[in-house]
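Labels below follow one simple rule: chain letters A, B, ... track the order of the sequence lines, proteins then strands, and each chain is numbered from 1.
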Amino acid sequence: MFKILQKQELSENITLFDIDAKDIAKKAEPGNFILLKIHEQGERIPLTIADFDREKGTLTIVFQKVGKTTYHLGTLNEGDFISDIVGPLGTPSHIENLGKVVCIGGGVGIAPVYPVTRALKHAGNSVYSIIGARSKSLLFWEDKMRDVSDELIVTTDDGSYGRKTVVTVPLEELLKENKDIKLVVAIGPAIMMKFVCKTTEKYNVKTVVSLNSIMVDGTGMCGGCRVDVGGESKFCCVDGPEFDGHKVNFDLLMERQKMYLEDEKEALRIYQEKVGE
Amino acid sequence: MAEPEKEEKRKKNRVKLREQPPMERARNFKEVPYGYSPDEAVEEASRCLNCKKPTCIDGCPVEVYIPQFINLIKEKKFLEACHKVKEKNALPAICGRVCPQEIQCESLCVLGKKGQPVAIGNLERFVADYEAEQGEVKLPEKPRPTGRKVAIIGSGPGGLTCASDLIQSGHQVTLFEALHKPSGVLVYGIPEFRLPKAIVEREVEYIKKLGVELILNTIIGKLYTVDELLNDKGYDACFIATGAGLPMFMGIPGENLNGVYSANEFLTRANLMKAYLFPEYDTPIRIGKKVAVFGGGNVAMDAARVALRLGAEKVYLVYRRSEVEMPARKAEVHHAKEEGIEFVMLANPTRLIDDGKGNVCAVECIKMEG
């Protein structure tokens, strides 16, 4: 059992938990993820680690309420327990001093890109960051991202805050102005990562993406998370979740993410009826 | 002369295990065989010749005292019979059900030369279930502690067996499990109708009562390394019992289409995550009207029979060789056929076909030569 120590509503539909998980916090690295299961009947869902504090022994997760499990998770409060958490899983981000890098977080993807951005900054890189969301009410962690970036650009689709555009527009401007950008890290919806990769491909800049595929065990045992990377099937849980974005077949990833769409809708409908939402 | 003839026949044929009727069980997850009644168990046990030099024990990986426990059944000392098995095997209810006895103990039974060997597995299952029904599970005497501490990685059948042996030798034992439930393949792989999970839980409880510590949600190599276990956490030894649980894909086009599962994923969703109870349980599973399972082993049989129980209208078992080469247990093949699974032999899948929306809709195979 894992105790929720702190709960914070970061924005409309996006919640943060600090969880008491000493051993996982001790081993967590940027890029790692965990799997959690709320209770006996629950499903196992993967969440990228948003932060960790080794001294306090806490793990930070940030999630958006999209389905039954995340809605249910959002009803838990400080002092409540999550039945199962396993991690740290996956291969950590490769961090080195390359010179100039760009970190992009889209929507709830701002949370997992934060520890990677911080690590790249601490390694000595000049970091340009771009965070984007549909609108102002969905943005969070602007301050935290600014603290670990040399320059931060904020975009919203509807122009309610920052620049009214999508993340690929300022990205392309940065790539045009700075021929010496060595790496782009992008975490967000698959469609965003796909277009980030299309943009960086033109400039031949290495791009790392963190994929959010469907998972069950998270240890390489089931293969449900397989993704096509450079024509080869890779397991997101053990080979990833970070991959060379220029090799990822995003269309297939998006198809696979839709596999249980109907079931997910149905489960959420039943849940909301039950709790009277 | 009628009497000896009858006697002869009785010795040749084992007491049949009563089963759920095929068409009924094909739509539920309840266990297929019912198990022997005490009378049936005594009758089957009385077939044992009590050989002076029993060969059956040589076929048992943990050397259960087979003739001794069967003798105790003959004498209707069922609890004592169970204790006799448990001197060597802490998991009799599981092993009685899923050990491949036909290639182990039973393959060496003298009776098998002229007829059917003694149903050692069914008898092992009977004594274990009998003990559980009686409600008093006897614990062996505690051995003298050795002061040594062993970490076992993986709580599947290998880890559980090792844990019970080591704890009974006086060592302190910790079982580390990656998943949220113990027992590995016994819970994520083998379906409920072949091995009810309540029985697995019962055997794990017994191992815990022996004093084994069980730690779930812990991936050794990620959370702690083996070196940390040995150097920092005070373990004197480590037993790696992680199994061989990696899925093998065939490398044919269309493998990543929606609706294509590895057996591991399909069975894990159904068994461990209880997707067959969706939406009461949160994990979904997709079942088409028509299901094709590739392979001819026990896992393929399990997947095919689970698909049927989840509501598939038609299940094909596609195997590239012929039925004689199938590695699955004969009983499983027999059960699968009885339930209506269609066997397509000498067919090797070459391509999975897209319905245009990212879902699998057909399989292309080549015909193999017999």
Side-chain angles (χ1 to χ4, degrees), chain A residues 2 23-24 26-27 32 34-45 67-69 72 83-90 214-228 232-233 235 238 249 251-264 266-271, chain B residues 154 177-181 184-185 188-189 215-225 228 233 242-270 272-275 277-286 354 357-359:
Chain A
F2 295 81
D23 289 359
I24 300 175
K26 206 168 147 191
K27 287 292 172 74
N32 280 143
I34 53 134
L35 275 163
L36 69 79
K37 180 168 156 292
I38 304 181
H39 53 72
E40 170 64 25
Q41 290 83 13
E43 59 180 337
R44 293 164 65 95
I45 61 157
K68 180 187 173 184
T69 300
H72 186 171
S83 126
D84 302 280
I85 298 183
V86 62
L89 297 166
I214 287 169
M215 279 187 198
V216 187
D217 68 291
T219 64
M221 183 269 277
C222 86
C225 64
R226 59 197 189 278
V227 286
D228 180 339
E232 261 182 82
S233 275
F235 289 1
V238 287
N249 181 341
D251 295 336
L252 181 76
L253 173 72
M254 287 185 271
E255 281 298 339
R256 286 185 66 80
Q257 284 174 338
K258 281 191 256 167
M259 180 143 166
Y260 300 104
L261 214 55
E262 291 307 312
D263 293 319
E264 285 161 5
E266 179 65 2
L268 181 61
R269 189 187 62 75
I270 295 170
Y271 173 75
Chain B
E177 170 56 45
L179 291 169
H180 57 271
K181 273 206 171 123
V185 75
Y188 76 71
I215 301 180
L216 303 173
N217 293 316
T218 303
I219 300 178
I220 303 303
K222 292 279 184 191
L223 200 62
Y224 320 120
T225 61
E228 282 169 332
K233 293 196 174 282
T242 51
L246 296 184
M248 296 245 286
F249 287 91
M250 292 177 299
I252 59 173
E255 228 162 46
N256 293 337
L257 289 170
N258 284 342
V260 181
Y261 287 108
S262 72
N264 274 0
E265 182 184 1
F266 185 68
L267 292 172
T268 301
R269 282 180 182 272
L272 175 72
M273 305 310 295
K274 298 205 177 349
L277 298 173
F278 181 86
E280 188 194 327
Y281 278 69
D282 294 341
T283 304
I285 196 163
R286 187 188 277 198
D354 193 340
K357 295 177 201 153
N359 305 302

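- With a 4.5 angstrom heavy-atom cutoff, B:Lys181 touches chain A only via side-chain atoms.
- Among the candidates A:Glu262, A:Gln41, A:Lys68, the residue making the largest number of heavy-atom pairs closer than 4.5 Å to chain B is A:Gln41.
- Looking at B:Glu228, only its side chain comes within 4.5 Å of chain A, counting heavy atoms on both sides.
- Between chain B and the residues A:Asp217, A:Leu252, A:Ile270, the most heavy-atom pairs under 4.5 angstrom are made by A:Leu252.
- A salt bridge is absent between B:Lys274 and A:Glu43: the closest approach of a Lys/Arg side-chain nitrogen to an acidic carboxylate oxygen does not fall below 4.0 angstrom.
- Between the side chain of B:Ser262 and the main chain of A:Gly223, no donor-acceptor pair closer than 3.5 Å is present.
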Quiz item: Should A:Asp84 and B:Asn217 be marked as a side chain to side chain donor-acceptor pair (under 3.5 Å) after you check the CA-CA gap, both sets of side-chain angles, and the distance that decides it?
Solution: CA-CA 7 Å; A:Asp84 302 280; B:Asn217 293 316; 2.8 Å; yes
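- Nearest heavy atoms, A:Met221 versus B:Asn264: O-ND2, 2.7 Å.
- In this structure, the side chain of B:Arg286 engages the main chain of A:Met259 through a donor-acceptor pair within 3.5 Å.
- The two residues B:Thr268 and A:Val216 have their closest heavy-atom pair at CG2-CG1, 3.8 Å.
- Residue A:Leu89 comes nearest to B:Ile219 through the heavy atom pair CD2-CD1, 3.1 Å, listed as atom of the first residue, atom of the second, then distance.
- With a threshold of 4.5 angstrom between heavy atoms, A:Leu268 does not approach chain B through any atom at all.
- Counting heavy atoms of neighbouring residues, nucleotides and ligands inside a 6.0 Å radius, atom NZ of A:Lys27 exceeds 12 of them.
- Heavy atoms closer than 4.5 Å to chain B are found in the backbone of A:Ile85, but not in its side chain.
- In terms of heavy atoms, A:Arg256 sits closest to B:Leu257 at NH1-O, 3.7 Å.
- Between chain B and the options A:Glu40, A:Lys258, A:Glu266, heavy-atom pairs under 4.5 Å are most frequent for A:Glu40.
- Annotation for A:Thr219 and B:Ala178: closest pair CG2-CB, 4.5 Å, computed over non-hydrogen atoms.
- Formation of a donor-acceptor pair under 3.5 Å by the A:Asp23 side chain with backbone atoms of B:Leu223 is not found in this model.
- Residue with the most contacts toward chain B among A:Lys26, A:His72, A:His39, A:Arg44: A:Arg44 (heavy-atom pairs, distance under 4.5 Å).
- Only the side chain of B:Tyr188 has a heavy atom closer than 4.5 Å to any heavy atom of chain A.
- Interface remark: A:Glu232 contributes no atoms to any contact with chain B (heavy atom separation under 4.5 Å).
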